[in-house]
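A short write-up of the structure that comes next.
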Amino acid sequence: MPEMTNRVALVTGAASGIGLATAVALAREGAAVALLSRPDDDLTTAQQRVQAHGGRVLAIGADVGDSAAVRAAFDRVESELGPIDAVHNNAGISIVAPLTETTDELLDTLVRTNLAGSFYVLREAARGMQARRRGGAIVNTASELALIGQAGYVAYTATKGAILAMTRSAAAELASWGIRVNAVCPGTTKTPMFLAEFDGVADPEAELADNAASVAMRRIAEPAEIGEAVVFLLSHRASYITGTHLIADGGRTTCVPAGSIGVSAH
Ligand code: NAD
């Protein structure tokens with residue numbers, strides 16, 4: 001039987017990239033899936049892509065940085081698809097700027113979306129799961145940049161490090177309710193967000209190649225590869241895993257690429 005049969009899942013940031021890939025994988029595994037993304041995102045196309053893999057799919061435009069909108073979205077999913085027992089808390093943005101050029105406005109935007117937004121979704125997921133007393137699973141999207149530093153990402157990494165801290169405390173608090181909370185730490189992944197970071201650089205192809213060369217596996221991830229890691233953490237196959245993070249980064253944060261030192265790459 002598919003892994004997520006009879007489960008109702010909600011994915012935030014589901015209009016593109018990693019969220020859309022997770023939603024597709026969840027639908028393929030038999031879940032009914034709610035797609036939540038910004039109101040101006042192309043949710044119609046996303047819904048069609050997920051629906052092609054079967055099951056019921058509901059699309060809702062909402063800003064995760066608006067707690068009332070998040071609550072209303074959860075209520076709507078519960079009334080139209082049923083009780084939510086799997087959540088991929090994934091919506092996020094990246095802003096690349098030197099520390100001294102990161103304005104209060106940029107910081108507020110990042111914190112509102114990545115940190116407050118993730119908190120609101122986590123809180124709403126916990127409320128519903130606690131009320132029904134049937135357990136559940138939540139995966140928060142952090143980043144490899146919650147684990148290593150990178151120039152230009154001081155504010156972004158602050159929000160992603162906070163997501164890991166939040167994941168551990170929520171897991172501690174919710175374990176007795178049978179609710180598991182974990183995080184995924186994607187490495188560089190071919191999504192609109194990542195590719196947009198190369199806008200304006202002189203030679204995007206060369207920059208992308210440099211980026212791939214810093215990964216032990218020498219390539220950038222496909223969104224589906226991150227989606228599979230998320231579905232694993234949401235599934236019953238991860239039944240004894242909580243309060244931790246799964247790094248899906250091709251070895252970037254843990255391995256020196258072969259050839260840098262030691263034996264050569266082949
Ligand atoms: P993406 O831009 O393709 O997808 C993000 C989605 O979230 C978009 O559909 C966007 O409209 C939506 N979104 C943004 N702000 C929102 C808001 N306030 N409310 C609702 N929806 C909102 O980017 P992605 O690369 O798939 O990013 C998904 C997550 O993965 C993010 O949290 C990001 O920080 C994280 N991440 C990405 C990479 C990467 O290399 N792509 C690496 C590590 C972590």
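Along the sequence shown, residues are numbered consecutively beginning with 1. Whatever order the structure lists them in is the order used to number ligands and atoms, beginning at 1.
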Any nitrogen or oxygen of [X], main chain or side chain, under 3.5 Å from a nitrogen or oxygen of ligand 1?
X      : answer
Asp41  : yes
Thr189 : yes
Thr188 : no
Pro186 : no
Val64  : yes

Counting from 1, what ligand 1 atoms have a heavy atom of [X] closer than 4.0 Å?
X      : result
Ile18  : 26 (O), 30 (O), 37 (C)
Ala15  : 9 (O)
Gly17  : 3 (O), 26 (O)
Thr141 : 29 (C), 30 (O), 32 (O), 35 (C)
Asp63  : 17 (C), 18 (N), 19 (N)

Classify the contact between Lys160 and ligand 1 as side chain, backbone, both or neither, using a heavy-atom distance cut-off of under 4.0 Å.
-> side chain
Quick one: look at Ala142 and ligand 1, take heavy-atom pairs under 4.0 Å, and tell me if it's side chain, backbone, both or neither.
->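 The part of Ala142 near ligand 1 is the backbone, not the side chain.
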Short N-O contact, Arg132 and Glu78, less than 4.0 angstrom =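 Salt bridge between Arg132 and Glu78, a charged N being under 4.0 Å from a carboxylate O: yes.
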Can you tell me the protein heavy atom closest to atom 31 (C) of ligand 1 and the distance?
-> Asn90 O, 3.4 Å
So which heavy atom on Ile241 is nearest to which on Asn182, and how close?
->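 Of all heavy-atom pairs spanning Ile241 and Asn182, the closest is O-ND2, 2.9 Å.
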Between [options], flag the one that comes closest to [atom] by a heavy atom.
atom                    : options                       : result
atom 12 (C) of ligand 1 : Ala196, Ser37, Ser118, Pro192 : Ser37
atom 20 (C) of ligand 1 : Ala21, Gly92, Ala62           : Ala62
atom 38 (C) of ligand 1 : Gly187, Ser94, Ser143         : Gly187
atom 41 (N) of ligand 1 : Asp249, Thr113, Thr191        : Thr191

Would you please say whether a donor-acceptor pair under 3.5 Å links the side chains of Thr189 and Glu222?
->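 Distance-only check fails for Thr189 and Glu222.
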